[in-house]
Amino acid sequence: MPVKAHETAASCHATPAPLRTNDAPIVLVGNPNVGKSVIFGRLTGRYVTVSNYPGTTVEITQGSMPDGTPVIDTPGINSLYSASDDERVTHDLLVTLRDKVGAVVQVADGKNLQRALLLTQQLVDLEIPLVLVINMIDEAQIAGIEIDFDALARKLGIEVVPVTAIRGEGIKHLTEALTRARVAHHVTVYDPYLEDSIARVMDLLPANVGGGRGIALQLLSGNQHLAQTYQLNGELTTINTETSKIYGRPLKTVFTGLQMANAAALMNDIVRIPEERRHSLAYRLSAWATHPLWGWPVLLAVLYVVFKFVGEFGAVTLVGFFEETMFGEWINPFATQIVEAVIPFAIVRDLLVGEYGMITMALSYGLGLIFPIVTTFFIAFSVLEDSGYLPRLAVMLNRAFKSMGLNGKAVLPMILGLGCDTMATMSTRIMETRKERIMVTLLLALGVPCSAQLGVLLGMVTALSPLGVFIWAAVIVGVMLAVGWLAQRILPGQRSDFILELPPIRLPHVSNIIIKTLARVEWYLKEVVPLFILSTLILFILDRIGALVVIEDLMSPLVVGLLGLPAAAAGAFLIGFLRRDYGATMLFGMALGGQLDAGQVLVSMVVITLFVPCIANVLMIFKEFGWRVATGVIFTVFPIAFAAGALVNALLGLFRFAL
Amino acid sequence: MVTHCPLCGYDFNDGDMACHTSCVFHNHCSIVCCPNCGYQLPDENRSHLADLFKRLTGRKEEQPEPRSQLRPLSALLPGQSARIVKVSAATAHRQERLSVFGVIPGAKITLQQRKPAYVLRVGFTELSIEYEIADSILVDLAV
């Protein structure tokens, strides 16, 4: 990186007054998908998951700079006046906790300056010390965009720093500029009517409120929370109705419209955008991926490659090595020998290497069978995420989701659910209405198998004929469609508009994929494997005290009578309450051991696929929506799972398919 | 539309036909019967095959351009550019959400595709919306 003159001068510059205190946090803010997380990583040396689709950061991430200043990364936000659930966090941080923020670093995409400047104006109104970072300068240059950074800095009265964060270019300038963060000039020109109303609302506020102009704009935009904080009702409502009557529409749309037009005016002599645009390869790929006809072959090709990689390379080749060779031939016999030679107590021996042993069952399932599958899935998913394909998939599937009262955006959490339903439940925040969030959560819990379970199921389907596989898939999809269709009618609330930004198609960075996969694998090892050990321990104890037999007897009318499965399958369902993939693994073991015939494999697969994913997922639903929704989901999902299984069993008995 | 019977020379309207009401194909039938003489003649405007042939051979005239250059975004053809005139205020929330992406009056947009969902470009933002929303945006083709 070229060393510039003012870089060396920065250490001894004399600042007139402390512009921000050192312990107050720096907050990174920006439109979705502009590279906030990369800059966060560059500033703090910490890694946060970086992806090429909106909604990656759904909660704030904290870190600190080398000098100890806390840095906060926030979910992307387009405007401070309307906030969906994923934007709410950012909104609250900036508006409600405004006084605690030391400085805001607004990250902008060099190609999308107008949208960034909308947000800039809203931040300026809040009067927080600000630095504007213009990221992805390399892409902007390739597109032929020219930006006069100095002129922009002069107009706004703040530091404007061009960077290409992914390559670390300009970060040094940014850390220096941070010391000079200051409140920007007010650049937005509102109508006299609006200015008058803003002044009237500011008069209602206590004198010591900082950023009163921004707060007033928030109040006029209908921020109920702030209105309660300042106990403004009667007079505020009067001003609001009076002013919006002039425009004939809610004021927040008036504000954003004006700010957007103003942003364009700001850019007028500062940014030069070429009229002609080259149709790059990325552009053509993007068009194919959403093409009404070619979009489907593209989708099939993507699915095929993912299946080859996860289903064949991961679930067959790698599992063959990890489970059969590593655990089956090396670790388990070796551990059994050692344990039997060293440990004199039979119960401890069984606990380690017995039927429900920590090594022979928990670890060989968790590390031998599922670990290779989730790892390959995480790699495939990371590539898909970074390529920008997923939002295009949402375009293709919007119509199907519409029939369930959802919109295409629901594809994103659903696909993420194929990795982990718990993470996906959190990312339902990108859905706009609570109804949609609950519906997606319900469908995730019901029928979207996570990577661990999917891998086991892929192993089990080998016991079935193509017809059997088809019936399984049809039952799962059918149940989800039916439940979605019903839930749409039963749940109160409404569907939101389908408005989705499509990020550019990009070639994923290998290092980014590796880091992201490692982060997810670490999460798997930390969270999932201990749960496997715990579940195995529970099974072991139940088996020891003889409760397992009692439970099998109790559940036998259901398991044997309705589902037509052997009584021992009750143990698998019991464990399935904790983690359905683990339950599936036990059923897989039974199938391998010849305890299930083809029909029974199909029935047990249907039931276990439709189970609630795992205890962590239930806790996440509880955390996101409260206990009522959590119990609602549980009491919806389990009866449906058993009912669907019983139905398939009854139909199989009636028609006697050759599976 | 008036049909001229080539056999007896009788001119008749669609409403005069007696055969469609008693036919299982009803209005989809591509054969019409002259109410005067009963002669059956093919209706090339109703026949899908004839329509396809005409389109393939380029014999079908494209619908004439509406004289006004104002139309809903939903009526643009892929590849066409236009300037936004108005975003319907039917729901203020929608208007506001579109505006943060730069979809505001005065902005120039290019429609990329219509199906399976509308995809348009505003500046460097690629945005996908559904038909109902595209229909609520009024654009001017005379850029």
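The chains referred to below are lettered A, B, ... by the order of the sequence lines, with proteins before strands, and numbering in each begins at 1.
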Any non-hydrogen side-chain atom of [X] less than 4.5 Å from a side-chain atom of [Y]?
X        : Y        : value
A/Ser286 : B/Glu126 : yes
A/Phe498 : B/Ile129 : no
B/Leu127 : A/Leu500 : no
B/Phe124 : A/Ile273 : yes
B/Gln95  : A/Arg249 : yes

If every non-hydrogen atom of A/Met260 is compared with every non-hydrogen atom of B/Phe101, which pair is closest and at what distance? CE-C, 4.3 Å

Considering all heavy atoms, the nearest A/Ser79-B/Glu96 contact: OG-OE2, 3.4 Å

B/Gln113 side-chain N/O to A/Thr290 backbone N/O, donor-acceptor pair under 3.5 Å: yes

I'd like to know if the side chain of A/Arg115 reaches the main chain of B/Gly102, judged simply by a donor and an acceptor atom lying under 3.5 Å from each other, with no hydrogens or angles considered. no

Please report the interatomic distance [atom1]([X]) to [atom2]([Y]), rounded to the nearest 0.5 Å.
X        : Y        : atom1 : atom2 : result
A/Asn31  : B/Thr125 : CG    : OG1   : 8.0 Å
A/Thr253 : B/Leu98  : OG1   : CG    : 11.5 Å
B/Ile133 : A/Asp497 : CD1   : CG    : 4.0 Å

So which residue, B/Ser99, B/Ser128, B/Pro78, B/Ala117, ends up with the most heavy-atom pairs under 4.5 Å with chain A? B/Ser128

Quick check on the interface: out of B/Arg94, B/Arg97, B/Gln112, who has the most heavy-atom pairs with chain A under 4.5 Å? B/Arg97

Give a yes or no on this: more than 12 heavy atoms of other residues, nucleotides or ligands lie within 6.0 Å of atom OH of A/Tyr247. yes

Is the number of heavy atoms from other residues, nucleotides or ligands under 6.0 Å of B/Leu49 CG greater than 12? no

Chain B contact via [X] - which portion, at a heavy-atom distance below 4.5 Å:
X        : result
A/Ile145 : side chain
A/Ile499 : both
A/Asn398 : side chain

Can you name the residues that form a side chain to side chain contact (heavy atoms under 4.5 Å, CB included) with B/Glu132, not counting sequence neighbours? A/Lys402, B/Glu130

